[in-house]
Amino acid sequence: MTPVVDDDPRIIEFDVRTDEMLVNMGPQHPSTHGVLRLVLRTDGEIVSQVEPHIGYLHRCAEKIGENLTARQWIPYTDRMDYLAAMNMNLGWALTVEKLMRHQVSEKARHLRVLIAELNRIASHLVGMGAYGLDLGTFSPFLYAFREREKILDLFEEACGARLTYSYLTVGGATADLPPGWLQRCEAFLDQFLPVIEEYHTLLTTNAIFVKRTAGIGVLSREMAIDYGCSGPVLRGSGVDQDLRRDGEAIYTGMYDGYAFEVAVQKHGRYPRDHVYPAVPHDAVLGDCWHRFFVRMLEVMQSVDLVRQAIDRYAACREPLGEPLKLAEKIPAGDVYLETECPKGQTGFYLVSDGSAIPWRVRARSSCFSNLSVLHELCRGCLIADVPAIVGSLDVVMGEIDR
Amino acid sequence: MRGPGFLDTLQAACPGAVIGSSLESIDPWIEVAPEKLVEVCQWLKKSSESRFDSLECITAVDWFEPDAKKAAKVSWKPHLEMVYHLWSTVSRMSLVLKTQLPRWQGDVAGQLPDLPSVVGVWRTADWHEREVYDLSGVNFTGHPDLRRILCPEDWEGYPLRKDYQMPLEYHGIRGR
């Protein structure tokens with residue numbers, strides 16, 4: 001900063017000169033959401049440049065995919081976005097089905113919506129809780145994990161795993177839901193809905209939280225698109241896009257007949273804004289607060305979708321159908337499919353030469369693109385705002401590094 | 001999806017750029033000449049009716065069969081295929097661009113093939129091109145900061161090449 005010249009001799013701080021300094025943050029840092037290393041060029045408290053270093057979790061999952069059959073790769077998709085593994089399973093399963101021109105049964109379709117939306121709630125709860133941690137408040141994290149635990153219990157009952165499910169798979173799902181599961185899921189939703197009010201009190205409308213997030217890290221609409229941002233990061237900047245509505249037919253067909261409104265601010269208003277807390281005055285579209293709020297809206301949207309899916313699933317009389325064989329041959333060709341995962345649009349690209357083992361698999365990571373905009377957002381912010389901005393992007397390093 | 005009419009407009013706007021297409025595929029694609037890539041991308045983003053303002057993914061596919069027995073049976077010649085997946089937030093349409101590169105520049109193993117960078121068109125290409133350089137070994141000319149992104153900077157080789165050999169040792173860590 002250039003020192004301001006002032007004649008008043010009592011004001012001494014204007015004479016203090018600061019030097020540029022490189023500050024290393026991470027890779028082991030509580031607020032970098034995994035192993036992310038940031039090198040900050042600072043001048044006093046002001047950050048002038050941020051250089052992210054990624055790759056600490058790189059396993060070259062794409063290379064592994066060239067040595068396994070398409071269905072065998074499902075567990076590796078689990079380990080990309082491990083906080084929303086169901087959505088990752090689904091994305092890859094749909095990509096393979098797109099190339100095979102395979103359509104799953106009606107029951108499997110509703111089961112997928114049900115499971116994917118439930119996982120979206122769990123993922124956003126982690127995003128919300130961890131965001132509180134980033135900003136120095138511990139309680140929301142405990143509140144969020146208390147409810148997430150119940151979702152994980154439901155998943156455990158359905159497939160035996162709590163984090164890496166491999167449940168939704170090519171051709172449907174590995175197993176049907178156990179008896180009584182739907183009732184337990186409904187009981188969870190009934191109990192969960194009032195809890196969201198607590199989250200709004202703890203964070204969304206909390207004066208300190210608003211001070212830390214409103215007007216911080218403003219991402220313009222144009223920049224969001226230019227950097228390939230997606231999901232809540234894109235919608236937080238006011239871009240009306242949600243692949244569940246705007247995506248390809250094979251994916252939007254899954255949500256056919258479901259009623260939901262995309263969580264985005266249009267003409268200065270969020271959908272159903274009379275029910276939810278008002279946008280604070282200091283908040284600017286595209287800032288950390290809006291990105292956080294979009295996630296909170298999506299939690300409620302997903303509760304609604306899960307309820308719809310339960311009704312539809314319960315009404316299905318036909319069987320779930322068997323998933324495809326483990327070593328099923330895939331027709332030659334190449335397809336790309338993006339799905340709306342909790343953290344953004346995750347895409348899979350599959351090239352097949354006609355055998356059971358893909359010639360090339362490619363995972364397009366949503367967090368990878370979302371994180372690449374970080375250096376723009378952090379230019380000129382305070383050091384203390386860096387965790388606030390990184391947290392608002394809600395990245396998961398497993399998906400970035402693959 | 002855009003029909004043949006779209007292809008005609010593209011050909012008129014960038015003469016000589018389109019060298020192949022497959023509109024009947026599940027994901028229809030257009031193949032462009034590598035040297036015309038940036039021109040085509042700029043046109044697609046700025047001038048085309050659909051305005052492909054978002055670059056979703058860049059993929060390099062290595063068409064090479066290391067097994068000599070199997071290589072005798074394949075119908076293609078060894079090459080690198082670059083695939084660009086574009087998306088328009090305006091018209092909500094996608095587009096697939098492909099372009100072909102030699103596996104090595106001038107057939108000299110280790111000499112990376114050149115391809116003009118599209119960072120000037122979409123800024124997200126910065127990290128995506130670094131990833132392709134890192135894992136598949138493509139030299140993006142005009143890229144502001146082309147260095148490895150996922151692998152360590154002193155890593156050798158390009159893991160997603162089909163003839164990649166896993167190192168047996170890296171800084172004292174056993175590879176196998």
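Because the structure is a prediction, the values reported are computed rather than measured. Residue numbers begin at 1 in each chain, while the letters A, B, ... track the order of the sequences.
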Note to self: Out of B:L55, B:D62, B:I149, return the one with the most heavy atom pairs under 4.5 angstrom to chain A.
What the structure shows: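 Counting heavy-atom pairs under 4.5 Å, the top option is B:I149.
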
Margin query: Heavy-atom pairs under 4.5 Å with chain A - which of B:L160, B:V61, B:V83 has more of them than the others?
Written below: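 Of the candidates given, the most pairs with chain A belong to B:L160.
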
Next item on the list: Ignoring hydrogens and angles, tell me if any N or O in the side chain of A:R362 forms a donor-acceptor pair with the backbone of B:A60 under 3.5 Å.
Entry: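 No; zero donor-acceptor contacts below 3.5 Å.
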
Next item on the list: Could you tell me whether a side-chain N or O of B:D27 sits under 3.5 Å from a main-chain N or O of A:Y336, the two making a donor and an acceptor?
Entry: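 The answer is yes, because a donor-acceptor pair under 3.5 Å joins these two groups.
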
Take a 6.0 Å sphere around [atom1] of [X] and say whether it holds more than 12 heavy atoms from other residues, nucleotides or ligands.
| X | atom1 | value |
| --- | --- | --- |
| A:Q103 | CD | no |
| B:Q105 | CD | yes |
| B:E153 | CD | no |
| A:Y76 | OH | no |
| B:D107 | CG | no |

With a 4.5 angstrom heavy-atom cut-off, is it the side chain or the backbone of [X] that approaches chain A, or both, or neither?
| X | answer |
| --- | --- |
| B:W87 | side chain |
| B:I58 | backbone |
| B:T59 | both |
| B:W155 | neither |
| B:S136 | side chain |
| B:D126 | neither |
| B:V121 | backbone |
| B:R147 | side chain |

Notebook entry, point to check: Which class fits the ring pair B:H85 and A:Y349: parallel under 30°, tilted 30 to 60°, perpendicular over 60°?
Noted result: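 Rings of B:H85 and A:Y349: perpendicular, as their planes differ by over 60°.
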
Note to self: Are there residues of residues 372-379 of chain A whose heavy atoms fall under 4.5 Å of chain B's heavy atoms? If so, which?
What the structure shows: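 Hits under 4.5 Å: A:S372, A:E376.
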
Item checked: Heavy-atom pair count under 4.5 Å with chain B, highest-scoring of A:D246, A:I400, A:D401, A:D240 ->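 That would be A:D246.
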
Checklist line | Best-contacting candidate, A:S365, A:G228, A:S230, against chain B by heavy atom pairs under 4.5 angstrom | finding: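 Option with the top pair count is A:G228.
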
Side chain, backbone, both or neither: which part of [X] has a heavy atom under 4.5 Å from chain B?
| X | result |
| --- | --- |
| A:L57 | neither |
| A:V335 | both |
| A:E222 | neither |
| A:F368 | both |
| A:R245 | side chain |
| A:L371 | both |

Item checked: Criterion salt bridge (charged side-chain N to carboxylate O under 4.0 Å, His left out) on B:E131 and A:R402, from CA distance to verdict -> CA-CA 11 Å; B:E131 189 186 336; A:R402 284 156 286 148; 3.0 Å; yes

Margin query: To the closest 0.5 Å, what do you measure between CD (A:E248) and OG (B:S94)?
Written below: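 So the CD of A:E248 and the OG of B:S94 are separated by 5.0 Å.
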
Checklist line | Approximate separation, where rounding is to 0.5 Å, of B:H128 NE2 and A:R364 CZ | finding: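 Here the interatomic distance stands at 5.5 Å.
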
Nearest heavy atoms of [X] and [Y], plus distance in Å:
| X | Y | answer |
| --- | --- | --- |
| B:D53 | A:I225 | O-CG2, 3.5 Å |
| B:W122 | A:D226 | CA-OD1, 3.5 Å |
| B:P159 | A:K63 | O-NZ, 3.0 Å |
| A:W359 | B:K162 | O-NZ, 2.7 Å |

Next item on the list: Please lay out, stage by stage, how B:E56 and A:S369 fare under the test side chain to side chain contact (heavy atoms under 4.5 Å, CB included).
Entry: CA-CA 9 Å; B:E56 296 297 308; A:S369 299; over 6 Å; no

Item checked: Stepwise side chain to side chain contact (heavy atoms under 4.5 Å, CB included) test for A:H58 and B:L135 -> CA-CA 11 Å; A:H58 182 55; B:L135 301 179; 3.7 Å; yes

Next item on the list: Please report the C-alpha distance between B:K98 and A:D334 in whole Å, then the side-chain angles of each, then the deciding distance to 0.1 Å, and finally whether the salt bridge (charged side-chain N to carboxylate O under 4.0 Å, His left out) criterion is met.
Entry: CA-CA 12 Å; B:K98 290 188 180 185; A:D334 62 326; 2.9 Å; yes

